[in-house]
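Right, one structure below, let's go through it.
Numbers restart at 1 for each chain; the letters A, B, ... are given by sequence-line order, proteins then strands.
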Protein chains: 2
Amino acid sequence: MTPALSLYQRIAAEMRRDITSGVIKPGDKLPTERQLVERFSVSRDTIRDATAMLINEGLVERVPGRTGGMVVRDRVVVTFHASWAESPGAPVSEADSWITEVRALGLTPTQDFSCRMVTLSSEMAHQLRLTEPGPAVLRRCVRYVNDRPSSIQDTYYPKWLTDLVPDLLSPEDIKIGTTRLLAERGIVQTGYLDTVRARMATPEEAGLLRLGAGTPVLVKTRVACTADRVVRLTVETMAGDGNAIEYEIGGVEPITGAR
Amino acid sequence: MTPALSLYQRIAAEMRRDITSGVIKPGDKLPTERQLVERFSVSRDTIRDATAMLINEGLVERVPGRTGGMVVRDRVVVTFHASWAESPGAPVSEADSWITEVRALGLTPTQDFSCRMVTLSSEMAHQLRLTEPGPAVLRRCVRYVNDRPSSIQDTYYPKWLTDLVPDLLSPEDIKIGTTRLLAERGIVQTGYLDTVRARMATPEEAGLLRLGAGTPVLVKTRVACTADRVVRLTVETMAGDGNAIEYEIGGVEPITGAR
DNA sequence: CAGTGGTCTAGACCACTAC
DNA sequence: TAGTGGTCTAGACCACTGG
């Protein structure tokens, strides 16, 4: 049954066991590569093949420099409550909801806003139900947890909407939340279509989110509409396995009530 | 700005450009490793470092054997419509919904069922709102697209429920769907709490789903309840970037109507 | 400065698989 | 049997970073 693991796979398995069983804990350093060469009596490349597996699985991180080494990662999971906020009557904006969640984990949330004009791809224009590609406003929110980038949220507003609500062009955070701002101007969002996917980070994303090679991203695409029109497209790219998305469907009191 | 890419990174970038720009198309074979050694005048290990990046990004697959080689992957995305089915009044079962989706893409769906008794971990018992770990029935459904494993769906039913509805112990597919079966016995599910995460596949999952190393999985956890009790826990592990999950919140006619 | 990981070489032998 | 990727070795030099 077992397909005869190769040498580096057996070494990886042994180290993986030490990590998952807790012999080596998050934050602990692994032995140096040259120490592992001695311990297992193999070449350094074989050790690097083994540790590359652990890094690809998200268990371990390489830290360069004199006091560096390989460190067992400590992944805290931040949960996005997709069903909670963003309804016009919701008590909090989507951003507030995220900030609350991060603080509840004892971590420090930060956000960076920017705003610029872009030309929509035909793919994006189609998702916004526009007849053809055209200009749009892109509002970007980069979120940090303990100063490490955690997610990039890009929201595209079609030109007809920003003509109606020029406040959307503000390069600053809109305190009350864009959903409530739009509602106050008569644009009430009543429906969302979310699509969630997982894929490997592109090199650009790995740079932006400061991800190690071999880290996945969780991508949530949200198309929002009023009773008769599509008003925005939001693409949220989240770092690796440090984020989760939660959806409630129907009444969940028996589940959440016991918490 | 650019941090001086190393040799293997530059080679990877060049090959990546050929793939994403369409010079090399899905299904096409890359040159052999030894041909690439010649073309770039580097050692084979450097070529392997470069191609390992492409494999980790999910762009390329290695195929062993005489006529093997490195092949550009063609990823078709199957979408799970999480909001559609599973309501007792829904026209189709969750399985039917999936089968329809796969067929619509011109692919062939297959499913394998199995059923066995397991002991719940304390984590799972907590999710089922049981006071302590205990026995449960695990119904597993492995799904294949064109004979390649695509997802593993594990559903755990607590013992009190299988005592009430022994049909759940059937090792065969339940044609009408378990949700409708339970509804006929008076267990009407009215709420779901879904959590979606992305992470790297463990070696076991990579084996089950026949994934190459460095492929992410999309994990959907669904806890379902009736008006007053939690009745099941479903963990669905999906292969890499070949799957997506879709949620509808509120009225989405302006979005879906235009399709 | 000393030690870490990062990169690269030039070989070697193996398992697998279509021809 | 011939050619593919899979594994492994024993070196080498580099960039980076704390003491």
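- The salt bridge (Lys or Arg N to Asp or Glu O under 4.0 Å) pairs that include a residue from residues 10-19 of chain B are R16(B)-E57(B), where partners are two or more places apart or lie in different chains.
- A salt bridge (Lys or Arg N to Asp or Glu O under 4.0 Å) check over residues 100-116 of chain B, counting only residues at least two apart or in different chains, returns nothing.
- When the C1' atom of dG3(D) is taken as reference, atom CG of L30(B) falls 17 Å away, rounded to whole Å.
- Regarding E61(A), its CD atom lies at a distance of 11 Å from the P atom of dG6(C), rounded to whole Å.
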Sequence-aligned protein contact record of nucleotides 8-15 of chain D, with B where the base is within under 4.0 Å of a protein heavy atom and S where only the sugar-phosphate is
BBB-B---
For residues 149-156 of chain B, which side-chain N or O atoms pair as donor and acceptor with protein atoms under 3.5 Å away, sequence neighbours left out?
from    : atom 1 : to      : atom 2 : distance (Å)
Q153(B) : NE2    : E94(B)  : OE1    : 3.4
Q153(B) : NE2    : E94(B)  : OE2    : 3.3
Q153(B) : NE2    : E236(B) : OE1    : 3.0
D154(B) : OD1    : R140(B) : NE     : 2.8
D154(B) : OD2    : R140(B) : NH2    : 2.9
T155(B) : OG1    : T234(B) : OG1    : 3.0

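- Using a 4.0 Å cut-off, some side-chain N or O of R62(A) falls inside it from OP1 or OP2 of dG6(C).
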Determine, stepwise, if the pair S170(A) / R139(A) fulfils side chain to side chain donor-acceptor pair (under 3.5 Å).
CA-CA 9 Å; S170(A) 157; R139(A) 291 185 66 83; 4.8 Å; no
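- Between R48(B) and dG6(D) there is a side-chain N or O to OP1 or OP2 distance below 4.0 Å.
- Atom CZ of R66(B) is separated from atom P of dA18(C) by 11 Å (rounded to the nearest Å).
- By the side chain to side chain contact (heavy atoms under 4.5 Å, CB included) test, T119(A) is found to be paired with no residue, residues two or more places apart in sequence or in another chain being considered.
- A search for side chain to side chain contact (heavy atoms under 4.5 Å, CB included) contacts involving V76(A) returns L105(A), L107(A), not counting sequence neighbours.
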